[in-house]
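Presented below is the structure to which this report refers.
The chains referred to below are lettered A, B, ... by the order of the sequence lines, with proteins before strands, and numbering in each begins at 1.
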There are 2 protein chains.
Amino acid sequence: MFSKTTEYAIRVVIYLSVNTTPSSLAGVNEIAGNLNFPAAFLGKVLQDMVKKGLIISVKGPGGGFYLNDNTLSLSILDIVELMEGLGFLNKCGLGINSCSPENPCPIHEEYKNVPESMRKALSIKSICDIREDLTDGNNELTIDF
Amino acid sequence: MFSKTTEYAIRVVIYLSVNTTPSSLAGVNEIAGNLNFPAAFLGKVLQDMVKKGLIISVKGPGGGFYLNDNTLSLSILDIVELMEGLGFLNKCGLGINSCSPENPCPIHEEYKNVPESMRKALSIKSICDIREDLTDGNNELTIDF
DNA sequence: AAAATAAAAGACATTCACATCTTTTATTAA
DNA sequence: TTAATAAAAGATGTGAATGTCTTTTATTTT
Ligand code: FES
Ligand code: FES
């Protein structure tokens, strides 16, 4: 659904929310190791995320990355929007570029609730909420973030 | 959401359902022209569709393609399944390869109804139904299929 | 200051979906 | 039976996303 860049960004945000503080950072190699991402490419994504204000970087020995405070209040959808935009919510179900009521494809009506449910699924929780889910441990989440 | 190949296949099926009969065919160039697809590439897709039994080809002068009878009873979802499989219904919303209850990601629960609504949107109508919608003209479909 | 560390930046490589071009084969019409 | 037509098949090209490698810059520790 999303580009690798966006996917990595989402999972990095969640990882950093759980595993770092402004005084306890995570380096590229640690993140790449734990999330099983290609380290060199992840470096690029992290730079991008710094530019976009999602995370903060510290150079030099002991350096690394941690989450920008503001990022905690964002939803996954907000992160997707920052990384690659929300065009995916306007895609026609049959691949015709612009889904619109004026030019409906044969399944336009039936398809309407797909982007709707996507938007909901991606925006109902904040990163903060997700961090709580993961740290509280009173759920069944098992994947390493 | 789908590959170009699958997208082209879907729209070709709809086009042929409306515009051809076993005695009135459509050639690659006609289809490509009307649907605004690259003709040479479409040729490859059409070959694939013939192999998969979706359409029937006739060589030589006056030749071209028409819809296999069986195809009329299929849904869009059936066509997607034939062309590229139904893996997209099992993709995790965060991009982790296998969405499963055993290994739920942080938005696993919220994401559940997304593939559900996709499946419904893509399977509720048969190609036959869609052809009726388009030929009856008692709807507002405006895109050329 | 010098050495070590780690991110930033730039250049380069790979891959795959997508697309094009050319040649071959089958069919029809004259 | 020759010429024309159109699909089938094979070879080749392209671009964007993804991934790697090397050099530079900033920071910290000694
Ligand atoms: S035009 Fe196809 S889903 Fe709206
Ligand atoms: S594991 Fe992510 S949606 Fe199911």
Side-chain angles (χ1 to χ4, degrees), chain A residues 1-12 15-16 20 22-68 80 83-85 87-88 95 97, chain B residues 1-12 15-16 20 22-68 80 83-85 87-88 95 97:
Chain A
M1 174 151 65
F2 304 127
S3 67
K4 284 290 172 194
T5 297
T6 299
E7 180 197 328
Y8 293 168
I10 293 170
R11 296 190 59 190
V12 163
Y15 179 88
L16 293 182
T20 66
S23 58
S24 166
L25 317 183
V28 182
N29 292 294
E30 174 193 330
I31 301 171
N34 283 312
L35 298 185
N36 209 29
F37 295 162
F41 184 68
L42 176 61
K44 300 295 189 190
V45 177
L46 290 170
Q47 284 176 42
D48 196 22
M49 294 173 73
V50 168
K51 266 184 212 149
K52 284 166 173 160
L54 286 171
I55 60 177
I56 294 170
S57 77
V58 178
K59 279 187 173 185
F65 301 86
Y66 65 99
L67 206 65
N68 186 333
V80 172
M83 297 303 294
E84 63 171 55
F88 75 101
N97 267 353
Chain B
M1 174 149 69
F2 304 129
S3 67
K4 284 290 171 193
T5 297
T6 300
E7 180 197 328
Y8 293 167
I10 294 170
R11 296 189 59 191
V12 163
Y15 179 90
L16 292 182
T20 66
S23 58
S24 165
L25 317 183
V28 182
N29 291 294
E30 174 193 332
I31 301 172
N34 283 312
L35 298 185
N36 208 29
F37 295 162
F41 184 69
L42 176 61
K44 298 298 188 187
V45 177
L46 290 171
Q47 283 177 42
D48 196 22
M49 294 172 73
V50 169
K51 267 185 212 150
K52 284 167 173 158
L54 286 171
I55 62 177
I56 293 170
S57 78
V58 178
K59 279 188 174 184
F65 302 87
Y66 65 99
L67 206 65
N68 186 332
V80 173
M83 297 304 295
E84 62 169 56
F88 75 101
N97 267 353

Study note, to complete from the structure: Within residues 51-63 of chain B, the residues having a heavy atom closer than 4.0 Å to DNA chain D are B:S57, B:V58, B:K59, B:G60, B:P61, B:G62, B:G63

Exercise for review: List for me each residue that meets ring pair (Phe, Tyr, Trp, His ring centres under 6.0 Å) alongside B:F2, sequence neighbours excluded, and say none if there are none.
Suggested key: B:F88

Check your understanding: Given B:V12 and B:V45, is the side-chain contact (heavy atoms from CB on, under 4.5 Å) satisfied, shown in steps?
Key -> CA-CA 10 Å; B:V12 163; B:V45 177; 5.9 Å; no

Practice item. Verify side-chain contact (heavy atoms from CB on, under 4.5 Å) between B:T20 and B:L25, making sure each step is shown before the conclusion. Key: CA-CA 5 Å; B:T20 66; B:L25 317 183; 5.5 Å; no

Review point. For B:E30 and D:dT5, what is the distance between atoms CD and C1' respectively, to the nearest whole Å?
Key: 15 Å

Exercise for review: Identify the residue among A:K52, A:K44, A:K51 that makes a salt bridge (charged side-chain N to carboxylate O under 4.0 Å, His left out) with A:D48.
Suggested key: A:K52

Exercise for review: Report the end-to-end axis angle of the helix from C:dA1-D:dT30 to C:dA30-D:dT1; each axis comes from five terminal pairs, and the value is rounded to 10°.
Suggested key: 10°

Exercise for review: Give one of base, sugar-phosphate or nothing for B:Y8, where a contact means two heavy atoms less than 4.0 Å apart.
Suggested key: sugar-phosphate

Exercise for review: State which residues pass ring pair (Phe, Tyr, Trp, His ring centres under 6.0 Å) with A:Y8; sequence neighbours excluded, sorted by chain then number.
Suggested key: A:F37, A:F41

Review point. When you look at B:M49 and B:M83, which way does the side-chain contact (heavy atoms from CB on, under 4.5 Å) test go after all the steps?
Key: CA-CA 8 Å; B:M49 294 172 73; B:M83 297 304 295; 4.2 Å; yes

Check your understanding: Which nucleotide span of DNA chain C, 5' end to 3' end, has atoms closer than 4.0 Å to non-hydrogen atoms of chain B?
Key -> C:dC18 to C:dT28

Exercise for review: Evaluate the side-chain proximity of A:E84 to A:T5: yes if any heavy-atom separation is below 4.5 Å, no if none is.
Suggested key: no

Check your understanding: Considering only heavy atoms, which members of residues 37-47 of chain A lie under 4.0 Å from some atom of DNA chain C?
Key -> A:K44, A:Q47

